[in-house]
Amino acid sequence: MAGTPGLTLDQVAHILVPGRGRAADGFGITPEGAERVAVAAALFAEVVAARDGVVVCSGYKSPSDLTGAPWTTPEAPGEIFQGRPEADAMVAELIASGLASSRVRPERHSLDTVTNLLRSEHEGHFGDARPVAIVSHRSHLRRILSVIAPRTLRRPYLGVAVPRPDTPPSRLVTLASLIACVGLPTDPSRAIAAATRRSELLWSATRPFPRS
C-alpha cells in the first residue's frame, strides 16, 4: 500500500509491526497480532534479511487493558510492567519462527498507533534512517498512511497488508488518531510526551475504545 511517493518494496530495509492488543491473560498476543507477525516474518525472509535490516515490534498495552501479573525483562532492569508488553510477545513469536534475536527489537512503552510510530522512530529502534515497511491490516494501514505516518515518521515508508479482510474502524477512531498526532512539537521527546498525554485522555474519555 502506497506511502511515500515512489518508494517500492525492493527499497525497504526495515519492518515495523504495530501491536494489536494482548491476549486475555496479559502475556500473549491476539490472533490479529499473530497475523501481523506472520506477515512480518515472511517479509523479513524475502526482502529485509539481505539488507541487514531489523523488525521493530511496537506496543505495551492499551490504557484500558488492566490484565497481567507483574513482569520484567533483563533488557529493562528495574522496570516492572503489568503483564508482558505486546512488543515482547511479538518478538518472542518472531524468534520462535526462526529470526535471530539480533534482528528483532521491542518498543515496549507505546499505548496506541500514534505512539507506536513516534517511539519507534525517535527512540532509535531502527538504528538508521532507511525506509520501512509497516505491516498491519488493510483498514489500519489506511489510517496509518493517510493520518499518522506523515506526522510521526522521518523516513520513507509504505504499507504491507495482512491478506485477510478486516472491519474498517469507526470515524471516532480515525478522529482520535488525528487529534493525537496533529500539531505535535518538533522536538521528539516533547512530541512523544504530548502524544502520550493526548492518547491517555482520549482513552479515558471514550472507554471502552477499540484497540488498533
Side-chain angles (χ1 to χ4, degrees), residues 1-20 29 32-60 73 75-76 85-138 140-163 177 181 184 188-189 191-192 195 212:
M1 297 177 65
T4 301
L7 183 66
T8 58
L9 196 57
D10 60 3
Q11 297 171 302
V12 164
H14 302 299
I15 299 170
L16 172 61
V17 190
R20 185 57 179 86
I29 55 176
E32 294 83 2
E35 290 174 341
R36 296 180 188 182
V37 167
V39 171
L43 183 62
F44 180 87
E46 295 173 11
V47 176
V48 171
R51 296 175 191 153
D52 198 30
V54 298
V55 183
V56 176
C57 298
S58 180
Y60 175 16
T73 170
E75 295 178 15
E86 55 191 357
D88 289 280
M90 291 190 289
V91 164
E93 292 287 333
L94 286 168
I95 292 173
S97 74
L99 273 70
S101 59
S102 60
R103 308 299 287 276
V104 290
R105 299 176 181 176
E107 178 290 295
R108 55 173 68 94
H109 295 96
S110 55
L111 304 176
D112 66 350
T113 306
V114 174
T115 50
N116 285 161
L117 271 66
L118 273 174
R119 287 185 176 274
S120 296
E121 178 66 272
H122 295 299
E123 292 179 344
H125 295 282
F126 296 108
D128 57 47
R130 291 184 294 168
V132 63
I134 306 167
V135 173
S136 190
H137 292 79
R138 188 169 297 274
H140 191 212
L141 282 172
R142 291 193 187 100
R143 177 159 51 97
I144 290 174
L145 299 175
S146 64
V147 174
I148 302 172
R151 296 173 170 85
T152 55
L153 295 183
R154 294 183 178 175
R155 69 184 61 239
Y157 56 87
L158 52 72
V160 175
V162 171
S177 293
C181 66
L184 289 171
S189 60
I192 291 169
S212 60

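- Using a 4.5 Å cut-off on side-chain heavy atoms (C-beta onward), V47 and D10 make no contact.
- A salt bridge links R155 and E121; the closest N-O separation between the charged side-chain nitrogens and carboxylate oxygens is under 4.0 Å.
- Remark: R138 CZ is loosely packed, at most 12 non-hydrogen atoms of other residues, nucleotides or ligands lying under 6.0 Å away.
- Closest non-hydrogen pair, P85 versus G59, comes out as CB-O, 3.8 Å.
- Contact check for I192 versus H122: side-chain heavy atoms found under the 4.5 Å cut-off.
- Put simply, the side chain of T152 never gets that close to the backbone of V114: no donor and acceptor are under 3.5 Å apart.
- Remark: A89 pairs with I29, R84 by the side chain to side chain contact (heavy atoms under 4.5 Å, CB included) rule, at least two apart or across chains.
- Between the side chain of R105 and the main chain of H125, a donor-acceptor pair closer than 3.5 Å is present.
- For the residue pair E35 / H137, a side-chain donor-acceptor distance below 3.5 Å is found, with atom types taken as modelled.
- Side chain of R119 to main chain of E107: no donor-acceptor pair is present (N/O by atom type, distance under 3.5 Å, no hydrogens or angles).
- In this structure, the side chains of C181 and V147 come closer than 4.5 Å at one or more pairs of heavy atoms.
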Evaluate C57 against L94 for side-chain contact (heavy atoms from CB on, under 4.5 Å), listing each step before the verdict.
CA-CA 10 Å; C57 298; L94 286 168; 3.5 Å; yes
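- Shown here are the ring pair (Phe, Tyr, Trp, His ring centres under 6.0 Å) partners of H14, two or more places apart in sequence or in another chain: F126.
- Between V39 and V37 the shortest side-chain heavy-atom distance does not fall below 4.5 Å.
- Side-chain atoms of E123 do not come within 3.5 Å of backbone N or O of S120 as any donor-acceptor pair.
- Contact annotation: the side chain of P156 never approaches that of R130 to less than 4.5 Å [non-hydrogen atoms, C-beta and beyond].
- A 4.5 Å side-chain heavy-atom check between V55 and R103 finds every atom pair outside the cut-off.
- A pairwise comparison of heavy atoms in R151 and S146 identifies NH1-O, 4.2 Å as the closest pair.
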Working note: L16 + L117, criterion side-chain contact (heavy atoms from CB on, under 4.5 Å); need CA distance, chi angles, decisive distance, verdict.
CA-CA 8 Å; L16 172 61; L117 271 66; 3.9 Å; yes
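- Smallest separation of non-hydrogen atoms from S136 and R36: OG-CZ, 3.1 Å.
- For the pair L99/V91, no side-chain contact is recorded, criterion being any heavy-atom separation below 4.5 Å from C-beta on.
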Please test L158 against V160 for side-chain contact (heavy atoms from CB on, under 4.5 Å), starting from the C-alpha separation and ending with a verdict.
CA-CA 7 Å; L158 52 72; V160 175; 4.0 Å; yes
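- Looking at R20 and E86, no side-chain N of the basic residue comes within less than 4.0 Å of a carboxylate O on the acidic one, giving no salt bridge.
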Go through it in stages, so that I can follow the logic: the residues are V104 and I95, the test is side-chain contact (heavy atoms from CB on, under 4.5 Å), and I'd like the CA-CA distance, side-chain angles, deciding distance and then a yes or no.
CA-CA 8 Å; V104 290; I95 292 173; 3.7 Å; yes
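- When side chains are defined from C-beta on, L141 counts as touching I134, because their heavy atoms get closer than 4.5 Å.
- The two residues A40 and I15 come nearest to each other via the heavy atoms O-CD1, 3.6 Å.
- Between L184 and A195 the shortest heavy-atom distance is CD2-N, 3.9 Å.
- Here the rule is side chain to side chain contact (heavy atoms under 4.5 Å, CB included) with T115, and of P18, S110, S58 only S110 fits it.
- Here the shortest heavy-atom pairing between I144 and T113 reads CG1-CG2, 3.6 Å.
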